[in-house]
**Student:** 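The structure follows.
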Amino acid sequence: MKLQTKQKSAGLSQNIRTVLKWVFYVLMLIFFYCVMVSGSGNGSKALMLIPFSTAIACYEGEIPSAVIGAISGILIDMATGQLIGFTGLYLCLFCGIISGMFRQFLRKNIVNYFALTVATCLVYLYVDYYFFYVIWDYEGYREVLKARFIPSHLKTIVFSPLCYLMCLAAEKLSTVKRKLELEEKSEMVDRI
């Protein structure tokens with residue numbers, strides 16, 4: 001008896017599903033960027049591109065994850081009015097590392113994703129706060145931490161499971177289901 005897997009013939013091909021998944025990712029990047037730049041600038045907003053890029057890193061390879069991280073970081077820099085490329089470099093590096101960790105060491109579940117997203121947000125909070133406020137010794141930089149950075153990062157962490165579930169659904173819809181069929185024993189096959 002021989003085990004054999006066959007793809008289901010009904011539905012879209014794997015290439016079309018992959019293209020649709022990446023179109024979904026690009027549209028969500030644009031949507032989250034639009035949410036970040038909409039409204040008044042003096043309130044704290046969730047940086048939804050951070051958990052979304054780490055969620056993509058859970059399911060994609062290192063290179064695509066790093067590219068998505070760089071694009072997300074550049075969009076965050078443009079939305080927050082920071083030096084273009086600062087967050088892009090940071091997220092490019094982190095998303096590549098996260099993708100490698102999920103590929104080699106970690107299971108793809110919401111607990112591991114949430115832990116890595118919290119760690120990414122905390123490191124980003126520290127780096128952003130230190131390099132843009134503390135190092136220049138601006139007056140009232142502690143108030144900026146309390147009024148803007150901490151609420152923004154808490155909102156980001158609270159909404160991160162939504163990003164994971166969206167990427168999980170996109171991944172499940174983009175993979176072709178395989179059906180396991182058993183092949184009967186054939187007498188015509190010469191066994192050694």
**Student:** Please answer: with hydrophobic residues joined when any side-chain heavy atoms are less than 4.5 Å apart, are Phe86 and Tyr129 in the same cluster?
**Tutor:**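 Hydrophobic grouping puts Phe86 with Tyr129.
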**Student:** Output the distance between atom OG1 (Thr117) and atom CD1 (Ile98), rounded to the nearest 0.5 Å.
**Tutor:**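 Here the interatomic distance stands at 6.5 Å.
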**Student:** Any link between Ile84 and Ile76 through a network of hydrophobic side chains (Ile, Leu, Val, Met, Phe, Trp, Tyr) touching at under 4.5 Å?
**Tutor:**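 Looking at the clustering, Ile76 is in the same group as Ile84.
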**Student:** I need the Leu116 CG to Cys121 SG distance, nearest 0.5 Å.
**Tutor:**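 These two atoms lie 11.0 Å from each other.
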**Student:** At their closest point, which heavy atom of Ser72 faces which heavy atom of Leu49, and how far apart are they?
**Tutor:**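 Smallest heavy-atom distance, with atoms named: O-CD1, 3.8 Å.
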**Student:** Return the OG1 to CD distance between Thr18 and Glu171, rounded to the nearest 0.5 Å.
**Tutor:**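 Between Thr18 OG1 and Glu171 CD, I get 8.5 Å after rounding to 0.5 Å.
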**Student:** Could you report the tightest heavy-atom contact between Asp77 and Gly88, atom names first, then the distance?
**Tutor:**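 Distance-wise, the nearest heavy atoms are OD2-N, 3.6 Å.
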**Student:** Using atom types as modelled and distance alone, determine if a side-chain donor or acceptor of Thr54 lies under 3.5 Å from a backbone N or O of Pro51.
**Tutor:**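 Side chain of Thr54 to backbone of Pro51: a pair is present.
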**Student:** So do Phe32 and Leu75 actually touch side chain to side chain, heavy atoms under 4.5 Å?
**Tutor:**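 They are not in contact (no side-chain heavy atoms under 4.5 Å apart), so the answer is no.
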**Student:** Taking the side chain as every heavy atom from C-beta outward, state whether Met48 and Met36 have any pair of such atoms under 4.5 Å apart.
**Tutor:**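 No. Closest side-chain heavy atoms not under 4.5 Å.
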**Student:** Heavy atoms, side chains only, cut-off 4.5 Å: are Ile56 and Cys95 in contact?
**Tutor:**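 With C-beta onward as the side chain, the pair stays apart.
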**Student:** Before giving the answer on side-chain contact (heavy atoms from CB on, under 4.5 Å), spell out for Lys108 and Asn112 the whole-Å C-alpha distance, their side-chain angles and the decisive distance to 0.1 Å.
**Tutor:** CA-CA 7 Å; Lys108 295 175 185 171; Asn112 290 335; over 6 Å; no
**Student:** Does some side-chain heavy atom of Glu60 sit less than 4.5 Å from a side-chain heavy atom of Ile68?
**Tutor:**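 SC-SC contact between Ile68 and Glu60 ruled out.
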**Student:** For residues Thr80 and Leu47, determine if any side-chain heavy atom of one lies less than 4.5 Å from a side-chain heavy atom of the other.
**Tutor:**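 They are in contact (side-chain heavy atoms under 4.5 Å apart), so the answer is yes.
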**Student:** Using the rule that Ile, Leu, Val, Met, Phe, Trp and Tyr join whenever any side-chain heavy atoms are under 4.5 Å apart, tell me whether Leu93 and Val123 fall into a single cluster.
**Tutor:**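 No, separate clusters.
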**Student:** Taking ring pair (Phe, Tyr, Trp, His ring centres under 6.0 Å) as the test, write out the residues that go with Tyr33, two or more places apart.
**Tutor:**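 Once residues adjacent in sequence are excluded, Tyr33 has no partner under the ring pair (Phe, Tyr, Trp, His ring centres under 6.0 Å) criterion.
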**Student:** Within this structure, what is the OG1-CE distance for the pair Thr87 and Met78, rounded to the nearest 0.5 Å?
**Tutor:**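 Rounded to the nearest 0.5 Å, the OG1-CE separation comes out at 11.5 Å.
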**Student:** Would you say Arg103's side chain and Gly61's backbone share a donor-acceptor pair under 3.5 angstrom?
**Tutor:**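 No; judged by distance alone, with no hydrogens or angles, the pair does not exist.
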**Student:** Taking atom OH of Tyr25 and atom CZ of Phe52, what is their separation to the nearest 0.5 Å?
**Tutor:**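 Rounded to the nearest 0.5 Å, the OH-CZ separation comes to 6.5 Å.
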**Student:** Taking the side chain as C-beta and beyond, is there a heavy-atom pair between Tyr90 and Thr120 under 4.5 Å?
**Tutor:**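 They are in contact (side-chain heavy atoms under 4.5 Å apart), so the answer is yes.
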**Student:** Could you work out, with side-chain hydrogen bond (donor to acceptor under 3.5 Å, both in side chains) as the rule, every residue matching Ser53, not counting sequence neighbours?
**Tutor:**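 Once residues adjacent in sequence are excluded, Ser53 has no partner under the side-chain hydrogen bond (donor to acceptor under 3.5 Å, both in side chains) criterion.
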**Student:** Going hydrophobic residue to hydrophobic residue with side-chain gaps under 4.5 angstrom, can you get from Ile71 over to Val23?
**Tutor:**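 No, because Ile71 and Val23 fall into different hydrophobic clusters, even though each may have its own neighbours under 4.5 Å.
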**Student:** If you round to the nearest 0.5 Å, how far is CD1 of Ile50 from CG of Leu91?
**Tutor:**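 Answer for the CG-CD1 pair, Leu91 versus Ile50, is 5.5 Å.
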**Student:** Does any N or O in the side chain of Ser160 come within less than 3.5 Å of the main-chain N or O of Ile157, such that one atom is a donor and the other an acceptor?
**Tutor:**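 Here the side-chain-to-backbone pair exists.
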**Student:** Which residue pairs pass the side chain to side chain donor-acceptor pair (under 3.5 Å) test when at least one of the two sits in residues 161-170, sequence neighbours left out?
**Tutor:**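 Applying side chain to side chain donor-acceptor pair (under 3.5 Å) to every pair that reaches into residues 161-170, excluding sequence neighbours, yields Tyr59-Tyr164.
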**Student:** Hey, are the side chains of Ser174 and Trp22 touching, using non-hydrogen atoms and a 4.5 Å cut-off?
**Tutor:**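 They are not in side-chain contact.
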**Student:** What heavy-atom pair brings Ala55 and Cys167 nearest, and what distance separates the two atoms?
**Tutor:**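 Distance-wise, the nearest heavy atoms are CB-SG, 3.6 Å.
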**Student:** Any side-chain heavy atom of Phe94 sitting closer than 4.5 Å to one from Tyr124?
**Tutor:**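 Phe94 vs Tyr124: side chains apart.
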**Student:** Inspect the surroundings of CD1 in Ile63 and state if more than 12 heavy atoms from other residues, nucleotides or ligands are less than 6.0 Å away.
**Tutor:**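 No, CD1 of Ile63 has 12 or fewer neighbouring heavy atoms, counting only those of other groups under 6.0 Å.
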**Student:** Report yes or no: do Phe31 and Leu27 belong to one cluster of Ile/Leu/Val/Met/Phe/Trp/Tyr joined by side chain heavy-atom distances under 4.5 Å?
**Tutor:**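 Phe31 does not cluster with Leu27.
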**Student:** Which pair of heavy atoms, one from Ala46 and one from Lys155, lies closest together, and at what distance?
**Tutor:**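 In terms of heavy atoms, the two residues are closest at CB-CB, 3.7 Å.
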**Student:** Ignoring hydrogens and geometry, is there a side-chain-to-backbone donor-acceptor pair from Trp136 to Tyr130 under 3.5 Å?
**Tutor:**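 No, Trp136 side chain to Tyr130 backbone: no donor-acceptor pair under 3.5 Å.
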